[in-house]
Enquirer: 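My questions will all concern the structure given below.
This is a predicted model, so every value here is computed, not measured. Chain A is the first sequence line, chain B the second, and so forth, proteins listed ahead of strands; every chain is numbered from 1.
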2 protein chains.
Amino acid sequence: MGDLREEIREKIENKQFNCEKELTLSIISGKWKIVIIYQLGIDGPLRFNAIQRLFPRISHKVLSNQLRELEEDGIVNRQVYHEVVPIQVEYSLTPLGETLLPIVLMMYDWGKKRMEDLKV
Amino acid sequence: MGDLREEIREKIENKQFNCEKELTLSIISGKWKIVIIYQLGIDGPLRFNAIQRLFPRISHKVLSNQLRELEEDGIVNRQVYHEVVPIQVEYSLTPLGETLLPIVLMMYDWGKKRMEDLKV
DNA sequence: TCGTAAGGTTACCGCCAGATAACCACATAA
DNA sequence: TTATGTGGTTATCTGGCGGTAACCTTACGA
């Protein structure tokens with residue numbers, strides 16, 4: 001069970017999930033995670049500051065946090081380019097992360113349709 | 001915009017969502033919402049205590065809360081049977097709620113598969 | 001040598017979801 | 001008259017997420 005946050009691993013071991021769905025939810029829950037997954041899925045690899053420019057309202061610390069958690073859960077890949085100066089870090093979806101994309105896309109479509117219905 | 005919680009309505013009006021996906025996420029976020037949606041989708045209408053029996057760890061208050069929020073968001077239908085004694089209340093998915101089911105099912109499948117992969 | 005850009009970490013603080021537990025009304029059965 | 005089963009509400013408390021802001025290292029350019 002390497003590719004999971006401590007927190008989630010504990011929940012699994014202590015059987016604190018009532019259902020497997022909650023594993024999924026706990027991985028994508030987080031104020032910015034699904035938008036990050038979506039952007040990485042659509043735009044491909046993005047650098048830290050590129051993501052921040054896309055979502056100006058996300059704070060530095062929180063973005064850093066969300067990305068680390070996604071990385072720990074095996075959803076996002078973190079590629080560091082030491083040779084470049086200043087150092088560059090590129091984030092992309094792992095193969096596992098890409099399997100999450102259809103869910104995020106469905107959530108996008110659902111939310112979009114619902115939003116339209118509400119505005120009529 | 002009747003079928004939405006005050007809280008969510010405000011977020012829409014003040015454009016605090018960065019993307020429509022977040023509307024979806026904010027509707028299904030909540031420790032027990034997706035399992036409730038799932039059970040109502042699979043088992044059909046369920047009474048308050050029936051749900052509680054399915055998930056003994058959910059507290060009375062929280063279940064009541066989650067159901068009310070789902071109702072306010074137009075996902076769950078609340079049917080009261082006054083003629084029966086003691087009073088009976090039946091919860092079921094609304095048509096809108098059923099459109100959410102595919103997403104929940106995908107989350108279920110994803111979580112299940114991920115869980116299996118982890119246990120190998 | 002000061003500013004700026006890269007990508008972080010750390011400290012502190014406030015708020016709210018969820019946990020816990022007690023309370024309500026109503027009616028039936030023991 | 002007490003207990004049990006409906007389906008709730010209310011009060012209080014706490015952990016943790018996210019917000020804000022400061023700090024760090026490396027290196028280029030003015």
Enquirer: OP1 or OP2 of D:dA11 sitting under 4.0 Å from any side-chain N/O of B:K61?
Expert: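 No, B:K61 has no side-chain N/O under 4.0 Å of OP1/OP2 on D:dA11.
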
Enquirer: For a side-chain hydrogen bond (donor to acceptor under 3.5 Å, both in side chains) with B:R5, tell me which candidate from B:E69, B:E71, B:E72 qualifies.
Expert: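 Output: one option passes, namely B:E69.
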
Enquirer: Ignoring backbone atoms, establish whether B:N65 has a side-chain N or O less than 4.0 Å from OP1 or OP2 of C:dA17.
Expert: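 So the side-chain polar atoms of B:N65 never come under 4.0 Å of the phosphate oxygens OP1 or OP2 of C:dA17.
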
Enquirer: Just how far is it from atom CD1 of B:I27 to atom CE of A:M107, taken to the nearest 0.5 Å?
Expert: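 Nearest 0.5 Å value for the CD1-CE distance: 9.5 Å.
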
Enquirer: So, does A:R47 get its side chain near the phosphate of C:dG7, meaning an N or O under 4.0 Å from OP1 or OP2?
Expert: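 Checking C:dG7 against A:R47, a side-chain N or O does come within under 4.0 Å of OP1 or OP2.
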
Enquirer: If only side-chain N and O atoms of A:S64 are considered, is one of them under 4.0 Å from the OP1 or OP2 phosphate oxygen of C:dT9?
Expert: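 Yes, such a contact exists.
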
Enquirer: D:dT26 phosphate, OP1 or OP2: any side-chain N/O from A:Y81 under 4.0 angstrom?
Expert: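 Answer is no, no contact under 4.0 Å.
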
Enquirer: On the nucleotide D:dT20, are OP1 or OP2 found under 4.0 Å from the side-chain N or O atoms that A:R57 carries?
Expert: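 No, no such contact exists.
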
Enquirer: Charged N to carboxylate O under 4.0 angstrom, A:R9 versus A:E6?
Expert: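 The answer is yes: the pair qualifies as a salt bridge.
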
Enquirer: The side chain of B:W32 lies closest to which of these nucleotides: D:dG7, C:dA19, D:dG19?
Expert: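 For B:W32, the side-chain atoms sit closest to C:dA19.
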
Enquirer: So, OP1 or OP2 of C:dA5: does either fall under 4.0 Å of a side-chain N or O from A:N49?
Expert: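 No, outside the criterion.
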
Enquirer: Using the side-chain heavy atoms of A:P86, tell me which of these nucleotides is nearest: D:dT6, C:dA5, C:dG7.
Expert: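 Selected nucleotide: C:dA5.
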
Enquirer: Contact class for A:R68 (heavy atom, under 4.0 Å): base, sugar-phosphate, or nothing?
Expert: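 A:R68: backbone/sugar contact only, no base atoms under 4.0 Å.
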
Enquirer: Any idea which of C:dA19, D:dG7, D:dT20 is nearest the B:S59 side chain?
Expert: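 My answer, after comparing the listed nucleotides, is C:dA19.
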
Enquirer: Is there a side-chain polar atom (N or O) of A:Q66 under 4.0 Å from OP1 or OP2 of D:dG18?
Expert: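 Yes, A:Q66 has a side-chain N/O under 4.0 Å of OP1/OP2 on D:dG18.
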
